[in-house]
Asks: 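Pasting a structure below so you can have a look.
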Number of protein chains: 2
Amino acid sequence: MEKDKIDKKEHILDVAEKVFADLGYDGASTRTISGEAGVNMAMLNYYFGSKEGLFLAVFERKINSFRTLLQNINSDGSMNAWDKLNKCIDNYVERIIANNCFQKLINREVSMNKRGDLTDKIIEILMVNVYEVKRIMEEGVNSGLFHTDADIALVIATLFGTKNYIVNMPQLSSLILGHDIRDEKFMENELKPRVKTYMKRLLKAYLVKEHDNSK
Amino acid sequence: MEKDKIDKKEHILDVAEKVFADLGYDGASTRTISGEAGVNMAMLNYYFGSKEGLFLAVFERKINSFRTLLQNINSDGSMNAWDKLNKCIDNYVERIIANNCFQKLINREVSMNKRGDLTDKIIEILMVNVYEVKRIMEEGVNSGLFHTDADIALVIATLFGTKNYIVNMPQLSSLILGHDIRDEKFMENELKPRVKTYMKRLLKAYLVKEHDNSK
DNA sequence: CAAAATTAATCAAACGATTGATTAAGTGTA
DNA sequence: TACACTTAATCAATCGTTTGATTAATTTTG
């Protein structure tokens, strides 16, 4: 049936996304993926042509869901730069820290030196998000809300880098935080609000010109 | 001769470090490493027991040099917590941003979920360094220099995460910064001092209780 | 000191296991 | 029948590792 066919492909992509994220491109064998998905190994090649084709299918499926996230925030004229940045932080913590296995996948493949064609595609898509955040901060500087000598480029590195650190190194950040961050309950009730509060305070202390420094 | 023997092992470690960094643990085959190093394949097992042993040898060689550095800073009684943190930042920027291929290697392997024994060892060694930084910041809080409600765990995530972001995603951070960060000259003359200044201002604004907020 | 015995270092070859991919023989549906 | 789907079996290639033999260096022995 047509619907089952689509569901099966989607299921394979779901599993492949997780296995690729856990084991990396080289570490994830086609047998592991097909086994985990409960399908015959040859199905991967039948549907996606090759292992690389499967990887690209996993990647491209995610593209659209990430693209519109920030653009909605940025086009809202009723908020100033700081409020927009706050909303960015909230959205990133909520959506990306929670569903992290794809982010790990991306970061790992980008950090490789020798996979050119694939890396370029990923970079291009990541830059869309980066550029939206950059626009917000430039707006903050131009409107006089943020310090003019603020290093916007490095603030971006901090914003995404802090998030990546927590997401990409869960064992390490679990030790630092004193809890297993893969515990759904802890992440939802404690980690998420904690990261939101922290990021806002950190960026506010550095970026915003006049703010209450007592608390 | 004794000296040649040591030099050969060091040479293998040098080559292995680069190959691992470029291709990842799974991507780097023992044949590639031994071929690149100009030694027989069996020498890797002879010297290091296994591929994993070689990887750990590469890893520990790098991490030990930085551990002693951190401990020296930490045990220096003539500096307060903020000065120590400044020295940490300087050293991190100087030593880790410069020699970055190893950092990429580490982050890529740690972000994998399913390689228990190897990952655990890496985590264990990394935690030693993290703990030293944590000690410094706790000292800052206890001495009344830092805000008591500062989220130390997440500051660590920011410190290491910002650095990792720049190092691990050079294509992306190059676009953000407007220069190719792999350009040795730009990195030495502009990026390094810029990151140092930024990290100090960022952490000072967030951590230190009373500071000149005008500049 | 010199011959013998021991150890360390190095090599080509091959090991069994696993990789991604393909084949040919089916299955069920329309 | 014709078609999309699914399977087990199999492919050559590559993986990390081990082997047995050979050479170089060191130590022991007479």
Side-chain angles (χ1 to χ4, degrees), chain A residues 1-59 105 108-109 112 114-115 117-118, chain B residues 1-59 105 108-109 112-122:
Chain A
M1 212 175 291
E2 180 73 12
K3 193 164 165 294
D4 288 351
K5 185 172 60 185
I6 293 177
D7 286 351
K8 183 157 237 170
K9 282 182 78 168
E10 289 296 311
H11 174 63
I12 292 176
L13 288 171
D14 287 338
V15 173
E17 180 181 321
K18 175 164 173 41
V19 177
F20 274 134
D22 286 345
L23 304 175
Y25 181 82
D26 292 311
S29 70
T30 55
R31 281 171 179 80
T32 302
I33 295 172
S34 62
E36 204 103 352
V39 301
N40 189 276
M41 208 177 52
M43 294 307 296
L44 305 187
N45 290 334
Y46 178 76
Y47 278 132
F48 308 102
S50 66
K51 183 185 181 181
E52 186 173 319
L54 172 60
F55 184 85
L56 280 169
V58 168
F59 176 73
L105 171 61
R108 199 164 41 236
E109 296 311 318
M112 299 263 192
K114 302 250 171 110
R115 210 175 342 251
D117 24 334
L118 186 58
Chain B
M1 212 174 291
E2 180 72 10
K3 193 163 163 293
D4 288 351
K5 187 172 56 186
I6 294 176
D7 286 349
K8 185 157 235 170
K9 281 183 78 168
E10 289 296 312
H11 173 63
I12 293 175
L13 288 171
D14 288 337
V15 173
E17 180 181 323
K18 177 164 173 39
V19 177
F20 274 133
D22 285 343
L23 305 175
Y25 182 82
D26 292 309
S29 71
T30 54
R31 282 172 178 79
T32 302
I33 296 171
S34 62
E36 203 103 353
V39 301
N40 188 274
M41 213 172 43
M43 296 307 297
L44 305 187
N45 295 76
Y46 178 76
Y47 279 131
F48 308 103
S50 64
K51 183 185 183 182
E52 183 174 318
L54 171 61
F55 182 85
L56 283 170
V58 169
F59 180 74
L105 166 64
R108 202 164 41 232
E109 298 310 320
M112 311 246 186
N113 281 342
K114 299 261 173 93
R115 194 154 25 230
D117 8 337
L118 183 58
T119 307
D120 289 348
K121 279 179 189 164
I122 297 176

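Labels below follow one simple rule: chain letters A, B, ... track the order of the sequence lines, proteins then strands, and each chain is numbered from 1. The structure displayed is predicted, hence computed values, not measured ones.
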Asks: Would you tell me if any nitrogen or oxygen in the side chain of B:Tyr46 comes within less than 4.0 Å of OP1 or OP2 on C:dC11?
Replies: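 Negative; the distance criterion is not met.
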Asks: Tell me, do B:Phe48 and B:Val58 make a side-chain contact under 4.5 Å, heavy atoms counted?
Replies: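 Heavy-atom side-chain distance check fails, nothing below 4.5 Å.
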Asks: What does B:Ser29 touch in the nucleic acid at a heavy-atom separation under 4.0 angstrom: a base, only the sugar-phosphate, or nothing?
Replies: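 B:Ser29: backbone/sugar contact only, no base atoms under 4.0 Å.
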Asks: Return the orientation label for the A:Phe20 and A:Tyr25 ring planes: parallel under 30°, perpendicular over 60°, tilted otherwise.
Replies: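 Rings of A:Phe20 and A:Tyr25: parallel, as their planes differ by under 30°.
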Asks: Expressed in angstrom and rounded to an integer, what is the separation of A:Phe48 atom CZ from D:dT6 atom P?
Replies: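 My rounded result for the distance is 12 Å.
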Asks: When you measure from the side chain of B:Lys51, which nucleotide among D:dT19, D:dT17, D:dT7 comes out closest?
Replies: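 The closest nucleotide is D:dT17.
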Asks: Rounded to whole Å, how long is the line connecting atom NZ of A:Lys8 with atom C1' of D:dT7?
Replies: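 About 11 Å, once rounded to whole Å.
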Asks: Whole-Å distance between D:dT10 C1' and A:Arg31 CZ?
Replies: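 Rounding to the nearest Å, CZ of A:Arg31 and C1' of D:dT10 are 10 Å apart.
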Asks: Rounded off to whole Å, could you give me the CG-to-C1' distance for the A:Leu54 and C:dA21 pair?
Replies: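 One finds 14 Å between C1' of C:dA21 and CG of A:Leu54, rounded.
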Asks: Please report, rounded to the nearest Å, how far the P atom of D:dC11 is from the CE atom of A:Met41.
Replies: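 Interatomic distance, CE of A:Met41 to P of D:dC11: 14 Å.
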Asks: Once you round it to whole Å, what is the distance between C1' of C:dT10 and CE of B:Met43?
Replies: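 So the CE-C1' distance, B:Met43 to C:dT10, works out to 6 Å.
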Asks: Take A:Gly38 and B:Thr32, find for each the nucleotide of DNA chain D with the closest heavy atom, and name the residue whose nucleotide sits nearer the 5' end.
Replies: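 Closer to the 5' end of DNA chain D: A:Gly38.
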Asks: If the cut-off is 4.0 Å, is A:Asn40 near the phosphate of D:dT6, judged by side-chain N/O to OP1 or OP2?
Replies: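 False: A:Asn40 side-chain N/O out of range (4.0 Å or more) of D:dT6 OP1/OP2.
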Asks: Would you indicate which nucleotide in D:dT7, C:dC11, D:dT17 comes nearest to any side-chain atom of A:Ala42?
Replies: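 For A:Ala42, the side-chain atoms sit closest to D:dT7.
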Asks: Between the main-chain N or O of B:Ala28 and the side-chain N or O of B:Thr32, is there a donor-acceptor pair closer than 3.5 Å?
Replies: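 No, B:Thr32 side chain to B:Ala28 backbone: no donor-acceptor pair under 3.5 Å.
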Asks: Roughly how many Å is it from CG in B:Asp26 to C1' in D:dC15, rounded to a whole number?
Replies: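 Result: 11 Å.
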Asks: Does A:Thr30 place a side-chain N or O at less than 4.0 Å from the phosphate oxygens OP1/OP2 of C:dG20?
Replies: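 Checking C:dG20 against A:Thr30, a side-chain N or O does come within under 4.0 Å of OP1 or OP2.
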Asks: Would you mind reporting whether B:Leu23 and A:Asp26 have side-chain heavy atoms less than 4.5 Å apart?
Replies: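 Not in contact.
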Asks: Is the backbone of A:Ala21 close enough, under 3.5 Å, to the side chain of A:Arg108 for a donor and an acceptor to pair up by distance?
Replies: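 Checked: pair present.
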Asks: Roughly how many Å is it from CD1 in A:Ile33 to C1' in C:dT18, rounded to a whole number?
Replies: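 Computing the A:Ile33:CD1 to C:dT18:C1' distance gives 15 Å.
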